[in-house]
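Accompanying notes for the structure given below.
As the structure is a prediction and not an experimental result, all values here were calculated from the model. All heavy atoms count here, side chains included; hydrogens, waters and symmetry mates do not.
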Number of protein chains: 2
Amino acid sequence: MADLLWDRGYAATSPRDVMAKAHVGQGSFYHHFSGKHDLAISALRQNIFEGLTEAPEDAGSPAVDRIEARLARPRPGTRGCRIGRMTSDPAVVEDPEMLSIIADAFSTMRQRWATLTAEAIDAGNLPGDLDPDDLAQTFSAVIQGGYVLARAHGSQEPMDAAIRGLIALMESVRTSGNHPIRRAPTQTTPQSKEHS
Amino acid sequence: MADLLWDRGYAATSPRDVMAKAHVGQGSFYHHFSGKHDLAISALRQNIFEGLTEAPEDAGSPAVDRIEARLARPRPGTRGCRIGRMTSDPAVVEDPEMLSIIADAFSTMRQRWATLTAEAIDAGNLPGDLDPDDLAQTFSAVIQGGYVLARAHGSQEPMDAAIRGLIALMESVRTSGNHPIRRAPTQTTPQSKEHS
DNA sequence: GTCTATATTTCGATAGAC
DNA sequence: GTCTATCGAAATATAGAC
């Protein structure tokens with residue numbers, strides 16, 4: 001069902017479609033799952049697991065480069081995001097269980113972006129007055145919005161353009177860093193949270 | 001039907017729902033419209049007209065300020081975008097007529113952003129190496145993605161955060177402008193497209 | 001466990017009275 | 001123009017044979 005959930009959404013996917021695609025009868029279906037909702041929960045969890053599983057970037061490069069590499073990661077846009085598209089389906093949003101699974105997925109992504117962004121700021125490659133949590137949502141939003149634009153135009157290009165625009169902004173605000181060459185083996189420049 | 005199209009989507013909205021909401025019988029419905037699809041086209045056009053109708057910003061302020069003001073415009077996020085949400089509905093995307101109406105709407109928005117961005121670059125308030133068309137898609141994407149995040153969390157906050165993050169980036173890349181005080185009444189600094 | 005009926009409701013639309 | 005009655009198909013699920 002995972003594929004059908006992604007392509008057709010929850011409300012528009014019937015058990016009949018699932019059974020046809022899986023080449024099973026109704027008996028099998030209702031033996032293994034209590035109904036459409038039960039199966040959808042399983043399929044949703046699987047889609048989210050796959051959507052959140054990403055190849056890690058080169059751990060050695062600066063955080064700001066890892067941000068840009070992650071933003072620029074190829075994403076087939078015209079199919080839409082298997083997680084984000086769920087939010088348009090009222091039957092999903094009105095279901096507390098499904099909605100919380102989706103909200104958790106986006107929270108996980110936001111946390112990843114925020115950590116990376118905070119790293120980049122700490123490294124001195126992004127201005128210190130930027131808020132990592134806000135920027136994290138901006139990154140998520142550009143990707144999610146990119147999917148929407150790609151589907152609206154039936155083309156990958158608008159999504160790529162949106163991400164290019166964001167990366168160009170990132171490059172424009174990029175700062176030169178903490179000058180690690182001048183970093184002495186003793187105390188570095190005094191930072192605030194020195195303890196813990 | 002416009003409201004139902006926004007809230008429930010195309011596929012999930014039945015003529016029965018529409019007739020109940022409008023307090024009319026089936027006879028009236030099928031007398032004025034040839035069917036569900038016909039009515040949806042009308043409702044979609046109306047929603048897009050309303051979605052594209054915006055109060056103009058203060059014409060006297062710099063273009064970069066008008067961009068930020070337009071980005072920060074209040075948008076009730078948890079209902080989603082009445083245009084963007086259509087792209088999740090396969091029945092809409094697979095219909096060439098509806099899809100082209102939606103694609104045109106996004107093209108109109110992109111054009112508006114691109115014009116504003118080009119103005120800001122010409123005024124010297126944004127770096128000249130930024131691409132107005134790419135940035136225009138970035139702006140659209142942050143807004144569309146903001147809607148997705150707001151619906152995923154059932155809260156306005158993620159959308160506001162995403163837009164705050166983008167505006168903070170804009171402020172960081174903002175440049176001091178063309179120094180209009182030094183602008184002489186004769187020829188200004190030579191620009192490329194002086195003819196036409 | 002998997003299959004084939006069957007039940008109930010809704011969908012999208014048509015027919016025909018008024 | 002607007003109404004009620006009705007149709008054929010699909011959605012979601014249950015019943016019961018094998």
Side-chain angles (χ1 to χ4, degrees), chain A residues 1-48 79-80 82 85-102, chain B residues 1-48 79-80 82-83 85-102 151:
Chain A
M1 177 160 189
D3 274 343
L4 289 169
L5 195 64
W6 186 354
D7 286 331
R8 313 292 307 174
Y10 173 66
T13 299
S14 72
R16 183 173 294 190
D17 297 333
V18 179
M19 295 178 319
K21 181 155 185 167
H23 302 293
V24 299
Q26 299 190 346
S28 307
F29 176 85
Y30 286 101
H31 176 77
H32 292 285
F33 300 95
S34 69
K36 176 183 176 178
H37 181 262
D38 185 29
L39 173 58
I41 295 287
S42 295
L44 181 58
R45 286 191 207 278
Q46 179 184 324
N47 273 348
I48 284 179
R79 198 180 177 189
R82 68 190 107 189
R85 275 187 66 189
M86 300 292 104
T87 64
S88 282
D89 193 332
V92 169
V93 173
E94 290 163 6
D95 181 276
E97 190 175 3
M98 285 195 274
L99 185 60
S100 91
I101 293 173
I102 291 167
Chain B
M1 174 155 188
D3 274 342
L4 289 169
L5 196 63
W6 187 353
D7 286 331
R8 313 290 308 175
Y10 173 66
T13 299
S14 71
R16 182 171 297 191
D17 298 332
V18 179
M19 297 179 315
K21 180 154 185 164
H23 302 291
V24 299
Q26 300 190 346
S28 309
F29 177 85
Y30 285 103
H31 176 77
H32 293 286
F33 300 94
S34 68
K36 176 184 177 178
H37 181 263
D38 185 29
L39 173 59
I41 295 287
S42 296
L44 180 59
R45 286 192 207 278
Q46 179 184 323
N47 273 349
I48 283 178
R79 198 180 178 189
R82 67 191 107 192
I83 312 174
R85 275 187 66 188
M86 300 292 104
T87 63
S88 282
D89 194 332
V92 170
V93 174
E94 289 163 7
D95 181 275
E97 192 175 3
M98 287 195 273
L99 186 59
S100 92
I101 293 173
I102 290 167
R151 280 183 66 80

Which side-chain N or O atoms in residues 18-41 of chain A pair as donor and acceptor under 3.5 Å with protein atoms at least two apart or in another chain?
from	atom 1	to	atom 2	distance (Å)
A/Lys36	NZ	A/Tyr10	O	3.1
A/Lys36	NZ	A/Ala11	O	3.3
A/Lys36	NZ	A/Thr13	O	3.0
A/His37	NE2	A/Asp95	OD1	3.4
A/His37	NE2	A/Asp95	OD2	2.7
A/Asp38	OD2	A/Ser34	N	3.1

According to salt bridge (charged side-chain N to carboxylate O under 4.0 Å, His left out), who are the partners of A/Asp7, at least two apart in sequence or on a separate chain?
A/Arg79
Can you list, in residue-number order, the parts of residues 90-102 of chain B that come under 4.0 Å of DNA chain C, counting heavy atoms only?
none
In whole Å, what is the span from the NE2 atom of B/His23 to the P atom of D/dT2?
15 Å
A/His32 side chain N/O closer than 4.0 Å to the phosphate oxygens (OP1, OP2) of C/dT2?
yes
Please give, in whole Å, the distance from C/dG12 P to B/Met19 CE?
10 Å
Residue pair B/Ile83 / B/Ile102, side-chain heavy-atom distance below 4.5 Å:
yes
Between CG on residue B/Asp89 and CG on residue A/Asp89, distance to nearest 0.5 Å:
9.0 Å
A/Ser42: what forms a side-chain hydrogen bond (donor to acceptor under 3.5 Å, both in side chains) with it, not counting sequence neighbours?
none
One should read off an interatomic distance between A/Arg85 CZ and A/Asn47 CG, to the nearest 0.5 angstrom, of 11.0 Å
Please list all pairs meeting salt bridge (charged side-chain N to carboxylate O under 4.0 Å, His left out) that have one or both residues in residues 23-32 of chain B, counting only residues at least two apart or in different chains.
none
How does each nucleotide of nucleotides 4-18 of chain D score, in 5' to 3' order, for protein heavy atoms under 4.0 Å: base (B), sugar-phosphate only (S), or none (-)?
BB-----BBBB----
Residues which pass side-chain hydrogen bond (donor to acceptor under 3.5 Å, both in side chains) with B/Thr87, listed by chain and number, not counting sequence neighbours
none
Taking atom P of C/dT14 as reference, at what distance in whole Å does atom CZ of B/Phe33 sit?
15 Å
